[in-house]
Engineer: 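Let me begin by handing over the structure; questions about it come next.
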Number of protein chains: 2
Amino acid sequence: MATFLKNLNAISRGTTLFRDEKLKSFGLNGHQVKYLFAVCNSEGVSQDELANLLFVNKSNVARQMTALEEGGFIRREQSAEDKRVSKVFPTQKAKSLMPFIRSVNDEWRAILCAGLSEEECGQLSRLLEKLVENARQWEGKVDKNS
Amino acid sequence: MATFLKNLNAISRGTTLFRDEKLKSFGLNGHQVKYLFAVCNSEGVSQDELANLLFVNKSNVARQMTALEEGGFIRREQSAEDKRVSKVFPTQKAKSLMPFIRSVNDEWRAILCAGLSEEECGQLSRLLEKLVENARQWEGKVDKNS
DNA sequence: TTAAATTAGTTGCGAGCGCAACTAATTTAA
DNA sequence: TTAAATTAGTTGCGCTCGCAACTAATTTAA
């Protein structure tokens with residue numbers, strides 16, 4: 001069990017490091033890629049929805065959106081129906097970068113899953129999905145609202 | 001793939017949160033448990049070895065050892081053979097706490113793995129182990145010494 | 001034997017993170 | 001209809017983290 005968490009840390013760290021390496025020349029760090037990727041896959045998403053999608057606190061979304069906006073990767077648009085809501089859109093610059101970001105992700109997955117069969121890879125995804133569901137259910141129960 | 005990393009974050013966060021909840025009354029937070037657990041399972045380990053075991057930067061080990069020492073959970077002893085090395089030992093206080101820490105870990109694993117069979121749980125551990133190995137190999141290749 | 005290279009540990013720095021407190025907009029109830 | 005509760009987003013705080021630069025001890029080479 002202790003092993004378990006340690007392992008997740010190692011993989012998370014590696015992922016960020018890999019993305020850092022590949023994307024720093026574009027003015028993005030390994031953490032920001034995660035946010036930008038989500039925005040590009042859900043254009044017009046609200047910051048609150050982003051926080052839920054990415055399992056991070058909404059304060060981090062606010063800060064990263066400011067950074068990405070200053071970097072010219074996204075723009076925010078106040079929702080007409082609900083003026084509290086900021087809808088987030090990728091800029092053309094971000095969209096142009098997406099194929100490359102996808103290739104970086106693919107490359108990293110290939111490195112991570114080297115030596116695993118397709119079945120094992122799928123099995124792993126499925127099992128992790130289940131664990132996340134369990135974790136979220138517990139987190140919901142203790143009601144750290146976020 | 002994007003999903004993949006997000007999932008790891010959610011599980012990591014849940015683990016820390018759970019440990020925070022259960023152990024704060026003992027003066028330990030969710031992160032420190034990880035370090036203390038490793039020390040208790042490898043009495044006399046060096047800080048450098050701890051960093052490798054836990055996949056964290058050695059600077060964090062130094063800081064957490066200072067905190068754990070101040071909290072009365074560990075003591076450091078300069079190695080006689082190599083005066084650069086600090087050997088780290090758990091105090092009696094820490095040892096007494098270990099059964100409880102183990103039960104917290106077990107409880108969390110039970111929550112995480114609810115709905116999974118023994119075989120699936122084992123399979124998951126095995127697959128993650130492989131991924132970590134792959135990640136470490138890549139991290140070693142880019143030589144971020146740490 | 002002495003000088004250079006390596007190693008364990010520490011510290012300053014900047015970054016990400018979660019939480020709590022806040023503002024402003026919206027919804028719910030009285 | 002107005003007051004209370006909720007919601008989206010922002011900001012201050014304190015924590016952990018990784019990196020780089022540093023000290024002191026040790027090992028390697030000249």
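Lettering follows sequence order; numbering is per chain, from 1.
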Engineer: Indicate whether any N or O donor in one side chain lies under 3.5 Å from an N or O acceptor in the other, for B:Arg102 and B:Asn105.
Structural biologist: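 No - no donor-acceptor pair under 3.5 Å links their side chains.
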Engineer: Show, in sequence, the C-alpha distance, side-chain angles and deciding distance for A:Lys22 and A:Glu107, and conclude whether the salt bridge (Lys or Arg N to Asp or Glu O under 4.0 Å) test is met.
Structural biologist: CA-CA 10 Å; A:Lys22 300 286 179 179; A:Glu107 201 182 338; 3.3 Å; yes
Engineer: Taking atom C1' of C:dT6 as reference, at what distance in whole Å does atom CG of B:Asp82 sit?
Structural biologist: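 Taking atom C1' of C:dT6 as the reference, CG of B:Asp82 is at 12 Å.
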Engineer: Closest approach to the side chain of A:Arg84, judged atom by atom: which nucleotide of D:dA25, C:dG18, D:dT6 is it?
Structural biologist: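 Within the option list, the nearest is D:dT6.
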Engineer: Using whole Å, report how far CD of A:Glu21 lies from C1' of D:dG18.
Structural biologist: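 Computing the A:Glu21:CD to D:dG18:C1' distance gives 14 Å.
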Engineer: Could you spell out the base pairing of DNA chain C in dot-bracket, with Watson-Crick or G-U pairs whose two distances are under 3.5 Å, [ ] crossing and | to another strand?
Structural biologist: ||||||||||||||||||||||||||||||
Engineer: Whole Å only: how far is the CD atom of B:Gln78 from the P atom of D:dA25?
Structural biologist: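 One finds 8 Å between P of D:dA25 and CD of B:Gln78, rounded.
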Engineer: So if I apply the side-chain contact (heavy atoms from CB on, under 4.5 Å) rule between A:Lys34 and each of A:Leu54, A:Asn29, A:Thr15, which one comes out positive?
Structural biologist: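 Going through the options one by one, the only one that passes is A:Leu54.
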Engineer: Going by the rule side chain to side chain donor-acceptor pair (under 3.5 Å), which residues pair with A:Glu43 if we only count those two or more places apart in sequence or in a different chain?
Structural biologist: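 Not a single residue meets the side chain to side chain donor-acceptor pair (under 3.5 Å) criterion with A:Glu43.
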Engineer: If I take atom CG in residue B:Asp48 and atom P in nucleotide C:dG9, what distance separates them, rounded to the nearest angstrom?
Structural biologist: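 Rounded to the whole Å, the gap is 5 Å.
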Engineer: I want to confirm an ordering. Mapping A:Lys87 and B:Ala80 to their closest nucleotides on DNA chain D, which one lands closer to the 5' end?
Structural biologist: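 Its nearest nucleotide lies further toward 5', so the answer is A:Lys87.
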Engineer: Could you pull out all residues at least two apart from A:Gln64 that satisfy side chain to side chain donor-acceptor pair (under 3.5 Å)?
Structural biologist: none
Engineer: With a 4.0 Å cutoff (strictly under), does any side-chain N or O of A:Arg13 reach OP1 or OP2 of D:dG18?
Structural biologist: yes
Engineer: Can you check each nucleotide of nucleotides 10-15 of chain C against protein heavy atoms at under 4.0 Å and return B for base, S for sugar-phosphate only, - for none, in 5' to 3' order?
Structural biologist: BBBB--
Engineer: List the steps, then state whether side chain to side chain contact (heavy atoms under 4.5 Å, CB included) holds for A:Val39 with A:Phe73.
Structural biologist: CA-CA 10 Å; A:Val39 170; A:Phe73 295 101; over 6 Å; no
Engineer: Using whole Å, what does the distance between atom C1' of nucleotide C:dG18 and atom CG of A:Leu50 come to?
Structural biologist: 17 Å
Engineer: Going by the rule side chain to side chain donor-acceptor pair (under 3.5 Å), which residues pair with A:Glu70 if we only count those two or more places apart in sequence or in a different chain?
Structural biologist: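 A:Glu70 satisfies side chain to side chain donor-acceptor pair (under 3.5 Å) with no residue once adjacent residues are dropped.
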Engineer: If only side-chain N and O atoms of B:Lys24 are considered, is one of them under 4.0 Å from the OP1 or OP2 phosphate oxygen of D:dC15?
Structural biologist: no
Engineer: Quick one: does B:Arg19's side chain have a donor or acceptor within less than 3.5 Å of a partner on B:Val33's backbone?
Structural biologist: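 Not at all, since once roles are kept as given, no pair shorter than 3.5 Å links the two residues.
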Engineer: Would you please name every residue forming a ring pair (Phe, Tyr, Trp, His ring centres under 6.0 Å) with B:Phe89, sequence neighbours left out?
Structural biologist: none
Engineer: Tell me which of A:Glu81 and A:Gln32 sits closer to the 5' end of DNA chain C, going by the nucleotide each one is nearest to.
Structural biologist: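 Taking each residue's closest nucleotide, the earlier one in sequence belongs to A:Gln32.
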Engineer: Over how many whole Å does the gap from B:Lys83 atom NZ to D:dT27 atom P extend?
Structural biologist: 12 Å
Engineer: Would you mind reading off the distance between B:Glu77 atom CD and C:dA8 atom P, rounded to a whole angstrom?
Structural biologist: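 Spelled out: CD on B:Glu77 to P on C:dA8 is 18 Å.
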